[in-house]
Amino acid sequence: MNRPRILLVEDEPHIARGLVFNLEEEGYAVTHVVTGEEALQQIKKQLPTLAVLDLMLPGISGLEVCRQLRRADPRLPILILTARSGEKDRVKGLAEGADDYLVKPFSLEEFLLRVRGMLRRSEWYRPPADARQSFGGNQVDLAEGRALTPRGEILLTERETRMLQAFFQREGKVVSRAELLQEVWGMAPDTETRTLDNFIVRLRRYFEADPARPAHFLTVRGRGYKFVKDVTIDG
Ligand code: CA
């Protein structure tokens with residue numbers, strides 16, 4: 001099993017040292033960065049399993065980092081750390097997509113409990129049973145982010161992976177456009193949806209024998225889309 005990867009964004013050295021030490025003791029793989037800029041660089045290389053984010057940072061603010069982390073990964077658990085006087089920041093942080101917060105000073109025990117709890121919840125989001133799927137000559141491994149198709153190997157983007165997961169979890173059922181936008185992009189359903197259409201086109205190009213006549217990623221007129229694993233002959 002892979003160790004959970006924790007991204008810690010904290011500029012105060014003594015706090016960071018304590019957190020890194022204890023997280024590593026717990027068996028997590030920790031990447032510690034000091035600024036928001038470094039954090040954003042880091043997530044381009046690899047998305048963490050969970051992010052711990054101090055809101056008072058030099059350079060770009062923790063709130064902005066939070067917003068961008070959330071944009072990069074709608075399901076990434078984000079724990080924000082705030083000063084006692086930072087009530088407003090805390091509220092804004094939660095509005096920007098943070099999942100939970102701790103007010104400094106906090107006990108290490110409480111911190112570790114919070115992290116453990118959030119990781120447990122995040123596992124609900126990503127049931128491993130759905131990670132691999134085979135259909136129509138394609139083999140998709142969501143955990144690895146790659147797919148083998150009759151046309152060759154495809155490295156899936158984060159969004160493509162999320163979209164496939166949304167479909168695989170509801171195999172044979174209609175997934176509404178609103179659900180896809182919410183789960184894949186973290187957007188309100190009334191947002192511009194052309195992006196979604198483009199992703200559907202892309203999935204069909206990857207996985208359908210004839211993208212113009214899809215057999216697996218179906219349009220359900222007026223309702224959304226449906227993923228069907230096995231091609232059934234009607235009538
Ligand atoms: Ca700080």
Side-chain angles (χ1 to χ4, degrees), residues 1-126 145 157-159 161-162 182-188 191:
M1 212 181 86
N2 288 332
R3 289 194 297 166
R5 295 182 310 277
I6 298 188
L7 174 64
L8 172 65
V9 191
E10 170 62 81
D11 61 313
E12 281 147 87
H14 67 286
I15 296 181
R17 239 189 330 266
L19 298 185
V20 170
F21 178 79
N22 281 274
L23 287 169
E24 287 180 343
E25 284 287 292
E26 290 274 300
Y28 304 123
V30 186
T31 303
H32 169 228
V33 298
V34 173
T35 65
E37 286 83 350
E38 288 173 283
L40 297 177
Q41 283 300 319
Q42 180 58 35
I43 59 167
K44 277 183 204 154
K45 284 184 244 165
Q46 187 178 39
L47 282 169
T49 322
L50 177 143
V52 179
L53 175 63
D54 180 32
L55 285 188
M56 293 277 281
L57 293 169
I60 62 171
S61 76
L63 284 173
E64 179 58 26
V65 178
C66 187
R67 186 165 24 224
Q68 298 209 28
L69 285 176
R70 180 50 75 231
R71 201 177 300 153
D73 183 350
R75 296 172 186 216
L76 171 68
I78 303 174
L79 173 63
I80 52 177
L81 309 177
T82 68
R84 190 167 294 285
S85 57
E87 168 75 31
K88 269 189 196 151
D89 285 346
R90 183 158 76 228
V91 173
K92 280 190 212 151
L94 293 172
E96 293 299 350
D99 299 288
D100 207 347
Y101 66 89
L102 274 174
V103 176
K104 291 176 178 179
F106 47 81
S107 76
L108 277 169
E109 198 176 350
E110 191 184 0
F111 171 73
L112 293 172
L113 277 174
R114 208 62 75 86
V115 166
R116 237 175 274 152
M118 291 175 77
L119 285 172
R120 255 201 313 278
R121 284 200 298 278
S122 80
E123 281 163 17
W124 299 348
Y125 300 151
R126 310 173 196 221
T157 68
E158 188 66 20
R159 297 271 186 245
T161 304
R162 287 181 189 291
Q182 180 60 48
E183 289 179 27
V184 181
W185 282 273
M187 287 175 176
T191 321

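Everything numeric in this text was worked out from a predicted model, so none of it was measured. Each residue takes its place number in the sequence, starting with 1. One-based numbering, in listed order, for ligands and for the atoms of each.
For the pair Arg3 and Glu26, the salt-bridge criterion is not met [side-chain N within less than 4.0 Å of a carboxylate O].
Excluding waters, the set of protein N, O or S atoms lying under 3.0 Å from the Ca ion (ligand 1) comprises Asp11 OD1, Glu12 OE2, Asp54 OD2, Met56 O.
The salt bridge (charged side-chain N to carboxylate O under 4.0 Å, His left out) search around Arg67 returns Glu64, Glu96, not counting sequence neighbours. Taking the salt bridge (charged side-chain N to carboxylate O under 4.0 Å, His left out) definition, one finds that Asp89 meets it with nothing, sequence neighbours left out. Annotation: side-chain contact (heavy atoms from CB on, under 4.5 Å) contacts of Pro58 (sequence neighbours excluded): Asp11, Thr35.
Between Leu53 and Val65, the closest side-chain pair of non-hydrogen atoms falls below 4.5 Å.
Checking each of Asp54, Leu19, Ile15, Thr31 against Leu8 for a side chain to side chain contact (heavy atoms under 4.5 Å, CB included) leaves exactly one that passes, namely Leu19.
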